[in-house]
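Sequential numbering from 1 along the given sequence is applied to the chain's residues. Computed over heavy atoms, backbone and side chain alike; hydrogens, waters and symmetry mates excluded.
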Amino acid sequence: MSQAKIIDGKVVSTKVRQEVKEEVEKLNQQGINVGLAVVIVGKDPASRIYVNSKKKACAEIGIYSEEYALDESITEQELLTLVEKLNHDTKINGILVQSPLPKHINENRIVEAISPLKDVDAFHAQNVGKIMIGDFDFLPCTPSGCIDLIESTGTEISGKNCVVIGRSNIVGKPMAMLLLHKNGTVTICHSKTRNLAEVCRQADILVAAVGVPNLVKKDMVKQDAVVIDVGMNRLEDGSLCGDVDFEGVSQVASYITPVPGGVGPMTIATLMKNTVTAAKIQSR
Ligand code: NAP
């Protein structure tokens, strides 16, 4: 029985981060500093881990970062005021508001208040529209990381059947769009898709971004497919698992990403890339 090769997100992301670090050094030599503001509201443990990883990446790469850790009770207006202040702060090139936000805050309103030039998550409608037409400044972080992982295997996306499971605004839809820009033939699946297994079996490249532990089983995967697992699911015992049954699917796929250590590190690496892009745009 064949065994899939593991796509190591730590190795691929280290390379990307090294390239970003060199760019930051070049910008610094031209007198341009790069800064990211990270805003976290409340005490969600997963958000805390993500924010810490992002700050750590900034420190390693030479990006200045500021953290705003706000109490759960902050009002929407107070948060909007902070975003507005950061929009005008010349030390800050990128603004990231960690989701989820408390229920009394309209997340969409906050995202739309971020200057599109500082929207390093690429969630602002203006940047989403630019991604749609294929003329964008900021890469959608997780999908772009997935493309890097696929290409790191030497797999040509052009002409391939690509199936994306999940249609969220932050992963599924932009993922499908990036694959389309790379000339993949793309199908998007979701909770209402009929015969999910049958659709998935057509995929040369299968991306799972669902949030259901081990949803994708061996019998849903074509022989030698490239499988990218975006899922990050916390099990009752505290361990992390993806949307793909790693053991089973490894027996049929040619390449597969592990969870953790696959897509996650790439999301952060792309965020760093975007922050540098933001600094460049703002220095023009
Ligand atoms: P989301 O907003 O909850 O979207 C999940 C999508 O999966 C929806 O489109 C939903 O369909 C679909 N879905 C749910 N159950 C399904 C089923 N049984 N069959 C087929 N489709 C189904 O989640 P998300 O924000 O996109 O995140 C997805 C996963 O990726 C989560 O585990 C999240 O933690 C992880 N994630 C990881 C990273 C990273 O950096 N590694 C970044 C972001 C997210 P409907 O639209 O019909 O409801």
Enumerate, atom names and distances included, each donor-acceptor pair closer than 3.5 Å involving a side-chain atom of residues 6-15, sequence neighbours excluded.
from, atom 1, to, atom 2, distance (Å)
D8, OD1, K10, N, 2.9
D8, OD1, V11, N, 3.3
S13, OG, G9, O, 2.8
S13, OG, K10, O, 3.1
T14, OG1, K10, O, 2.6

Does a side-chain heavy-atom distance below 4.5 Å link [X] with [Y]?
| X | Y | value |
| --- | --- | --- |
| C146 | V230 | yes |
| V24 | V276 | yes |
| C141 | D121 | yes |
| L240 | R234 | yes |
| N52 | K56 | no |
| M232 | Y50 | yes |
| M177 | M132 | yes |
| V128 | P174 | no |

Under 4.5 Å between side-chain heavy atoms, counting indirect links through other Ile/Leu/Val/Met/Phe/Trp/Tyr residues: same cluster for [X] and [Y] or not?
| X | Y | result |
| --- | --- | --- |
| I150 | M266 | yes |
| L215 | V244 | yes |
| V164 | V212 | no |
| I114 | L117 | no |
| L149 | I205 | yes |

Report task. Assess whether atom NZ of K55 is packed by more than 12 heavy atoms of other residues, nucleotides or ligands within 6.0 Å. Result -> yes
Query raised in the report: More than 12 non-hydrogen atoms from neighbouring residues, nucleotides or ligands closer than 6.0 Å to CD on E247, yes or no?
Result: no
Requested in this report: Go through V39 and V83 one step at a time and tell me if the side chain to side chain contact (heavy atoms under 4.5 Å, CB included) criterion holds.
Outcome: CA-CA 9 Å; V39 181; V83 167; 5.8 Å; no
Using modelled atom types only, decide if a donor and an acceptor are shared between the side chain of [X] and the backbone of [Y] within a distance under 3.5 Å.
| X | Y | value |
| --- | --- | --- |
| Q202 | N161 | no |
| S254 | A225 | yes |
| K118 | L86 | yes |
| D229 | I256 | no |
| D224 | A253 | no |
| H190 | S168 | no |
| E72 | P102 | no |
| N195 | E198 | no |
| T257 | I228 | no |
| D243 | G211 | yes |

Query - Audit row: K130, D119, salt bridge (Lys or Arg N to Asp or Glu O under 4.0 Å) steps and yes/no - result: CA-CA 12 Å; K130 286 179 127 191; D119 170 39; over 6 Å; no
**Report entry** Stepwise salt bridge (Lys or Arg N to Asp or Glu O under 4.0 Å) test for D219 and K217
**Finding:** CA-CA 6 Å; D219 65 355; K217 304 275 194 251; over 6 Å; no
[X] [atom1] to [Y] [atom2] distance, which is reported to the nearest 0.5 Å:
| X | Y | atom1 | atom2 | value |
| --- | --- | --- | --- | --- |
| M175 | I170 | CE | CD1 | 13.5 Å |
| L139 | I147 | CG | CD1 | 10.0 Å |
| C241 | L235 | SG | CG | 4.0 Å |
| R167 | I165 | CZ | CD1 | 13.5 Å |
| I131 | F123 | CD1 | CZ | 9.5 Å |
| E112 | H124 | CD | NE2 | 4.0 Å |

Nearest non-hydrogen partners of [X] and [Y], listed with the distance:
| X | Y | value |
| --- | --- | --- |
| G242 | N233 | O-ND2, 3.1 Å |
| T185 | G159 | OG1-O, 4.3 Å |
| A278 | V120 | CB-CG1, 4.1 Å |
| S239 | D237 | OG-OD1, 2.6 Å |
| I40 | E67 | CG2-OE2, 4.0 Å |
| I105 | I74 | CD1-O, 3.8 Å |

Requested in this report: Could you walk me through whether L179 and I157 pass the side chain to side chain contact (heavy atoms under 4.5 Å, CB included) test, one step at a time?
Outcome: CA-CA 7 Å; L179 288 165; I157 297 170; 4.0 Å; yes
Query raised in the report: N87 and E84: side-chain donor and acceptor closer than 3.5 Å?
Result: yes
Query - Distance-only donor-acceptor check, side chains Q18 and E22, under 3.5 Å - result: yes
Report summary line: For K5, the salt bridge (charged side-chain N to carboxylate O under 4.0 Å, His left out) test, sequence neighbours excluded, returns none
Query - side chain to side chain contact (heavy atoms under 4.5 Å, CB included) between D44 and Q98, worked out - result: CA-CA 10 Å; D44 179 56; Q98 184 64 47; over 6 Å; no
Requested in this report: Go through K218 and D245 one step at a time and tell me if the salt bridge (Lys or Arg N to Asp or Glu O under 4.0 Å) criterion holds.
Outcome: CA-CA 7 Å; K218 178 182 169 182; D245 168 21; over 6 Å; no
Query raised in the report: Only one of N93, I61, I92, L271 clears side-chain contact (heavy atoms from CB on, under 4.5 Å) with L36; which?
Result: L271
Requested in this report: Could you give me the CA-CA distance, side-chain angles and deciding distance for F136 and H181, then say whether side chain to side chain contact (heavy atoms under 4.5 Å, CB included) is met?
Outcome: CA-CA 12 Å; F136 47 92; H181 292 326; 3.9 Å; yes
Query - Pair K85-E78, salt bridge (Lys or Arg N to Asp or Glu O under 4.0 Å): steps then yes or no - result: CA-CA 11 Å; K85 178 178 99 65; E78 284 168 327; over 6 Å; no
